[in-house]
Amino acid sequence: MTNKLVLIDGNSIAYRAFFALPLLNNDKGVHTNAVYGFTTMLLKILEEENPTHMLVAFDAGKTTFRHKTYEEYKGGRQKTPPELSEQFSLLRELLDNFQIKHYELNQYEADDIIGTFAKRGEEEKWEVKVISGDRDLLQLVSDQVSVALTKKGITNVETYTPSYLEEKMEVRADQIIDLKALMGDSSDNIPGVPGVGEKTAVKLLKQFETLSNVYEGLEEVSGKKLKEKLESNKENAFMSKQLVTINVDTPVEIGLEDVTYTGYEYQKVSAFFRDLGFQSLISRIGGEEEAEKVQESLPELKVTVLDEVKEEHLSSSTALVVEMLGDNYHTANIEGIGLVHEKGAYFIPADVAVESELFKDWAENSQNKKAVFDAKKTSVALTRHGIEIRGIDFDMLLASYLTNPSENHHDIPSISHRMGYKEIQFDEEVYGKGAKMKVPEISSLSSHVARKANMLFELKSVMEEQLQSNEQWELYDELEMPLALILGEMEHTGVKVDVDRLKEMGAELEERLNQLEAEIHDLAGETFNLNSPKQLGPILFEKLELPVIKKTKTGYSTSADVLEQLSDQHEIIPKLLLYRQLGKLKSTYIEGLLKVVHDDAMIHTRFNQALTQTGRLSSTEPNLQNIPIRLEEGKKIRQAFIPSKEGWYIFAADYSQIELRVLAHIAEDEKLIKAFNDNEDIHTQTAMDVFHVDKDDVTDQMRRQAKAVNFGIVYGISEYGLSQSLGISRKEAKQFIERYLDSYPGVKNYMDEIVLDAKQKGYVTTLMNRRRYLPDITSRNFNSRSFAERTAMNTPIQGSAADIIKKAMVDLHHRLEEEQLKATLLLQVHDELILEAPEEELGKLEEIVSEVMQNTVDLDVPLLVDSAKGTTWYDAK
DNA sequence: CAATTCACGC
DNA sequence: GACGTACGTGAATTGT
């Protein structure tokens, strides 16, 4: 079998990839688009070509031997964008991980290195393939050497063989140099013969074969002008020839034997992809076989699988992993437990652990310190098996989230890899994913779980130090850690649902939806899938000829704001809007909730405490933070949320305008502070200040607009966003914001300062030192930078509000225990807390909850709390 | 199974 | 002046 040498023009492909792809940012703020594009190209080559030898050549430095011939060589070129140049080191890392040789040589270009290797490969009668975006390389084409040029995009290439080249270019490969010499090349600043383009050059070469022949037979050239041009640019033409000629005898210090390619190691490459956030590429390179190989190659970790737990297996300072497959720890089975401490690494199968009195006693003793990943998950899972874990003194999940919230993968393997420990596999590699997820045999399982515990054991102190040095220890230790256990209790307790009521509402909705569907089909004159925007679009905008207001990537937009603008144009529109509204209620809230109700009519959501960039919680399966409230139809869903015990009530307490109060406090804006101290209606106050009118002259319209501006401030929306929400022009929106900032100089000052501060430090912080990194704040891209600036202004506001309510939860939990109340927390919805309590506690509860929430922090403005009780969530208003 | 569109909350 | 515009979760459709 003959050898196959693949030569890649590194710079050229990197450039192509960079400009073909949007400027991707990974979550650390490093641009990766060129690396990504390069990688997809590389993977394609490896799959299709099966090379035995491979080399990626790069240009070195700015000057080359060609500059001696012609100083202006490549003159006038735009300098490489910094967003690209910063990717070259990653590119080299990529190649190292793939075990592909890369090379550059001072004073020479990538072309010359490629030419030299192509020639050497040719001499050995190897098959050679060159990959580039640079047409100059076509001069290398021969019977042995083919050249693939990138077309549009990056993975699309056009492969030139001698015959294809001749057909396409109308000259032979050996004439390419002369062709270029005549034509010149504006991108390399090569003059050629001015006035001679591709057409003329091809014509001349067809007639004369070579450049020298053209000049020797100049008399026979047809056309007086052309003759003159050739005559007077003879020197340029020959110099150009010299410049475009690839040096096939470059003094490279490596030879063919140095570019042997024998394949790459799955583990290395997948770890690199994981670091860069190339998730999609991992599955592309990953096969089960490779995953198994990796496991064999992992370094030893001696794990003892226990069939009985004994004293000697336990320690007062242990890393503990309670392993479950799947995300939902309210239902998932425990597969086993990993323990690592000074005496060794152990794996306890689930049934052994759960039945062991010794293990239970150890776990419930707070003197035994446990380092875990996800304290909430761990405690809920153990609680389900009758074990109340105490003494958790480290949560890697929270530590990782607090030190680097922008990271998307807070799991033990990902964190370990980021910290430089690669001797652990990803869950996906061990368990598979999706439908293929399964528990492996015990040796793989125990080894993987023990390795996780081992990483906890190894990394605890480093991560703790990081929290300390970030001044986030208090945030971690006194806020998030205690909160995790409180949230765990809330989740485990669950919320009771009136299933019959839900079903009743579902049946009612069903009827109304059927009726509406029939009416809409009737009005449209045909039946179609009402839930398909793709089918609805043509009916509204073609058949019924309604004006097109907005388009999406794939067709007409039929979103609510578009439909609202059309609502008096056709009677079908209001019906559609109603259909959508009711359809949403039925599918998401009725059917969605029914799907997750347990047999005992309880719902157990999961609060994600390590997800949002601002510090807020989120809620899943189901999301209980977006149960309808604005429209009466939807609000009725809340009638299905009821107390879990007879004679109990739902009790709800919410902060009034917490974000704006936080803004007043951190911006130290006197006017805002005064407004809150005087307990003014804040939107009316804003309207008075922005429009310079008296309280009595504030119209509903003015208050509405002021409210939208306040909303914009709190959520960090742009001028565009404000203009959309108010239905005004961007210019007007801009004026509103300016008038707002003129009215509140303290706020203006804060906004300016926080952006400067973020630029200088690279991150912003909240009241309790939560961080958000903003790498884009110095971006030269207007959009990225603007977004980062708005985020810098908004995150301290929203994040501090999140800090405050979290602290209120910790304080309240403590207080409820202290007062020995039966009342218990059920839910948190960003600025409100939902509890349930027996009737006799309601009076006391109202007092306590308000007091705790209002006094959990001391701001320059009062925090106001509204509370209410009811026999359902709906009635607690 | 992933991407797209839409809609709900704060 | 263009760019594509608060953060989340989830459902349905559609194309791979």
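In what follows, chains are A, B, ... by sequence order, proteins preceding strands, each numbered from 1. For clarity, every value in this text was computed on a predicted model and none was experimentally measured.
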Need one value for [X]: base, sugar-phosphate or nothing, where a base atom within 4.0 Å counts as base even if backbone is also close, heavy atoms only.
X       : result
T614(A) : nothing
N529(A) : sugar-phosphate
S619(A) : sugar-phosphate
F787(A) : sugar-phosphate
S557(A) : sugar-phosphate
Q535(A) : sugar-phosphate
R580(A) : sugar-phosphate
Q724(A) : nothing
L585(A) : nothing
V714(A) : nothing

Picking from [options], which would you name as closest to the side chain of [X]?
X       : options                  : value
N623(A) : dT9(C), dA12(C), dA6(C)  : dT9(C)
N783(A) : dT5(C), dA11(C), dC3(C)  : dC3(C)
Y720(A) : dA2(C), dA6(C), dT5(C)   : dT5(C)
S718(A) : dG10(C), dA11(C), dT5(C) : dT5(C)

Any side-chain heavy-atom pair from L544(A) and I572(A) closer than 4.5 angstrom? yes

Expressed as a whole number of angstroms, how long is the span from [X]:[atom1] to [N]:[atom2]?
X       : N       : atom1 : atom2 : value
Y579(A) : dA11(C) : OH    : P     : 16 Å
L827(A) : dG8(C)  : CG    : P     : 20 Å
Q609(A) : dG8(C)  : CD    : P     : 15 Å
K550(A) : dG4(C)  : NZ    : P     : 15 Å
L722(A) : dG4(C)  : CG    : C1'   : 16 Å
R606(A) : dG8(C)  : CZ    : P     : 17 Å
Q613(A) : dT9(C)  : CD    : P     : 11 Å
N781(A) : dG1(C)  : CG    : P     : 18 Å

For the pair L483(A) and L479(A), evaluate side chain to side chain contact (heavy atoms under 4.5 Å, CB included) and give the outcome as yes or no after the intermediate values. CA-CA 6 Å; L483(A) 182 67; L479(A) 192 68; 5.6 Å; no

Is it the case that R730(A) places NZ or CZ above or below the six-membered ring of Y720(A), under 6.0 angstrom from the centre and within 45 degrees of the axis? no

Give me the first and last nucleotide of DNA chain B, going 5' to 3', that has any atom under 4.0 Å from a heavy atom of chain A. dC1(B) to dC10(B)

Using the [atom1] atom as the reference point in each nucleotide, state the distance between [N] and [M] in Å, no decimals.
N       : M       : atom1 : result
dA7(B)  : dA6(C)  : C1'   : 16 Å
dC6(B)  : dC3(C)  : C1'   : 24 Å
dT16(C) : dA12(C) : P     : 22 Å
dC8(B)  : dA2(C)  : C1'   : 32 Å

Count the heavy atoms of every other residue, nucleotide or ligand shown that sit under 6.0 Å from NZ of K635(A), and state whether that count exceeds 12. yes

Would one find more than 12 heavy atoms of other residues, nucleotides or ligands at under 6.0 Å from atom NZ of K759(A)? yes

Between Y740(A) and F736(A), is a ring pair (Phe, Tyr, Trp, His ring centres under 6.0 Å) present by the stated rule, with each step listed? CA-CA 6 Å; Y740(A) 178 92; F736(A) 267 124; over 10 Å; no

Q625(A) to S619(A) - nearest heavy-atom pair and separation: OE1-N, 3.4 Å

Which pair of non-hydrogen atoms, one from H330(A) and one from T605(A), has the smallest distance, and what is that distance? NE2-O, 3.0 Å

Both distances under 3.5 Å, Watson-Crick or G-U wobble: report the partner of dA2(C), or none. none

Is there a Watson-Crick or G-U wobble partner for dA11(C) with both distances under 3.5 Å, and which nucleotide is it? dT5(B)

Examine the base of dG4(C) for any acceptor or donor lying under 3.5 Å from a partner atom in the side chain of R730(A), and report the outcome as yes or no. yes

Go nucleotide by nucleotide along DNA chain C from the 5' end; which of T791(A) and K584(A) gets its closest nucleotide reached first? T791(A)

Please tell me whether S729(A) and E732(A) have a donor and an acceptor in their side chains that are separated by less than 3.5 angstrom. yes

If you apply the rule side chain to side chain donor-acceptor pair (under 3.5 Å), what do you find for E407(A) with Y401(A), and how did you get there? CA-CA 7 Å; E407(A) 192 57 64; Y401(A) 170 66; over 6 Å; no

OP1 or OP2 of dC3(C) sitting under 4.0 Å from any side-chain N/O of S784(A)? no

Counting just side-chain N and O atoms, does N626(A) come under 4.0 Å of either OP1 or OP2 of dG8(C)? no

